[in-house]
Amino acid sequence: MHYWLMKSEPDEVSIDDLAAAPGQSVPWFGVRNYQARNFMRNGMAIGDLAFFYHSGCAEPGIAGICEVCSEPYPDDTQFAPDSPYFDAKSDREKPRWWLRDVRFVSKTRYLPLAELRRYPELANMRLLARGNRLSITPLSADEWAFINRRLAEN
DNA sequence: GCCAACGTTGGC
DNA sequence: GCCAACGTTGGC
């Protein structure tokens, strides 16, 4: 079992959108970074849990929890010329970009990035590393447990 | 294989 | 809107 943090722009897919989706699950489309792709394709397993993080908004932070619920498969948007995620260099024989489906688990209290930064226990968290831009990052079991305790407060 | 230029991410 | 940091591209 591994733990993850997955960023989504709430304008595109928010935690509420995930909860309202058919089957309460969505394909995690649009990842165009090899490291993040490798985490999804090779690092994840069905049943892994992830924090659902809102980024690119006024106050970024953790908004809920989701669960990996499919094996990896090619991201369709890479083949759609009218999609912002279209990749002309990918082809169906050998797709570049892979994704998994994630399913809604719960909505949490909103835990802002600024609060995450205040906890010394999270000093080594990948998300908080200087200049980090990865949209999918792993968490240690300790980090996962610590954040869950903070979420249970208030 | 190096590295400069460029485009993108994402917090502020 | 700004800009620091990063990943990718492509010329050499």
Side-chain angles (χ1 to χ4, degrees), chain A residues 2-21 25-44 48-68 72-102 104-140 142-144 146-151 153-154:
Chain A
H2 288 102
Y3 301 101
W4 309 92
L5 183 141
M6 302 174 74
K7 296 181 186 173
S8 182
E9 300 193 6
D11 284 353
E12 191 153 35
V13 183
S14 70
I15 188 73
D16 291 328
D17 294 333
L18 179 62
S25 78
V26 297
W28 204 263
F29 63 90
V31 168
R32 296 293 179 270
N33 169 285
Y34 289 104
Q35 215 177 335
R37 179 206 65 183
N38 292 344
F39 283 144
M40 257 198 298
R41 191 180 58 180
N42 313 327
M44 289 180 173
D48 278 3
L49 294 169
F51 290 123
F52 191 107
Y53 178 94
H54 286 179
S55 73
C57 52
E59 190 179 34
I62 291 172
I65 294 174
C66 59
E67 153 188 38
V68 175
Y73 63 96
D75 180 345
D76 273 341
T77 63
Q78 71 195 298
F79 306 123
D82 54 340
S83 166
Y85 301 112
F86 178 64
D87 183 349
K89 292 178 180 169
S90 186
D91 69 276
R92 289 184 183 275
E93 299 305 307
K94 206 164 179 279
R96 265 192 188 182
W97 306 112
W98 295 70
L99 53 67
R100 291 182 187 245
D101 294 342
V102 303
F104 177 81
V105 171
S106 61
K107 201 169 165 175
T108 63
R109 83 167 167 92
Y110 200 70
L111 201 172
L113 174 61
E115 181 183 338
L116 290 172
R117 288 197 192 284
R118 287 204 293 272
Y119 297 121
E121 292 87 345
L122 302 179
N124 295 324
M125 212 180 148
R126 190 80 172 265
L127 172 79
L128 305 181
R130 186 164 167 272
N132 168 68
R133 280 174 23 190
L134 267 183
S135 62
I136 298 177
T137 50
L139 279 82
S140 72
D142 284 348
E143 289 163 347
W144 176 265
F146 178 83
I147 293 172
N148 270 290
R149 286 195 294 275
R150 300 293 80 75
L151 288 170
E153 298 165 351
N154 306 341

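Residue numbers begin at 1 in each chain, while the letters A, B, ... track the order of the sequences.
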- Query: Can A:Ser14 and A:Asp16 be said to form a side chain to side chain donor-acceptor pair (under 3.5 Å), step by step?
  - Reply: CA-CA 5 Å; A:Ser14 70; A:Asp16 291 328; 4.8 Å; no
- Message: Check whether A:Tyr110 reaches the backbone of A:Glu59 with its side chain - one donor and one acceptor, N or O, closer than 3.5 Å.
- Response: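 Yes: the side chain of A:Tyr110 pairs with the backbone of A:Glu59.
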- Just by modelled atom types, is the A:Ser140 backbone N or O under 3.5 Å from a matching donor or acceptor in the A:Glu143 side chain?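 Looks like yes, one N/O pair under 3.5 Å.
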Please identify each residue that fulfils side-chain contact (heavy atoms from CB on, under 4.5 Å) with [X], with sequence neighbours left out.
X	value
A:Val68	A:Met44, A:Asp48, A:Arg100
A:Arg149	A:Ala145, A:Phe146
A:Arg96	A:Tyr34, A:Gln78, A:Asp87, A:Lys89, A:Ser90

- Task: Measure up the A:Phe51 and A:Trp144 rings against each other and bin them: parallel (under 30°), tilted (30 to 60°), perpendicular (over 60°).
- Result: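 Parallel: the ring planes of A:Phe51 and A:Trp144 meet at under 30°.
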- Task: Check the angle between the aromatic planes of A:His2 and A:Trp4 and answer parallel, tilted or perpendicular using the 30° and 60° thresholds.
- Result: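 Because their plane-to-plane angle lies in the 30° to 60° range, the rings of A:His2 and A:Trp4 count as tilted.
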- Query: Could you give the start and end, 5' to 3', of the contact zone on DNA chain C for chain A, using atoms under 4.0 Å from its heavy atoms?
  - Reply: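 Span of nucleotides near chain A: C:dA5 to C:dG10.
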- Task: Test side-chain contact (heavy atoms from CB on, under 4.5 Å) on A:Ile136 and A:Asn33 and set out the steps.
- Result: CA-CA 10 Å; A:Ile136 298 177; A:Asn33 169 285; over 6 Å; no
- Task: Show the numbers, then the answer: is there a salt bridge (charged side-chain N to carboxylate O under 4.0 Å, His left out) between A:Arg150 and A:Glu121?
- Result: CA-CA 11 Å; A:Arg150 300 293 80 75; A:Glu121 292 87 345; 5.8 Å; no
- Item | Terminal helix-axis angle for the helix from B:dG1-C:dC12 to B:dC12-C:dG1, with five pairs defining each axis and rounding to 10 degrees |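 Roughly 10°, once rounded to the nearest ten degrees.
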- Counting only non-hydrogen atoms, which of residues 27-43 of chain A are less than 4.0 Å from DNA chain C?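 Of all residues in residues 27-43 of chain A, the ones placing a heavy atom under 4.0 Å from DNA chain C are A:Asn33, A:Tyr34.
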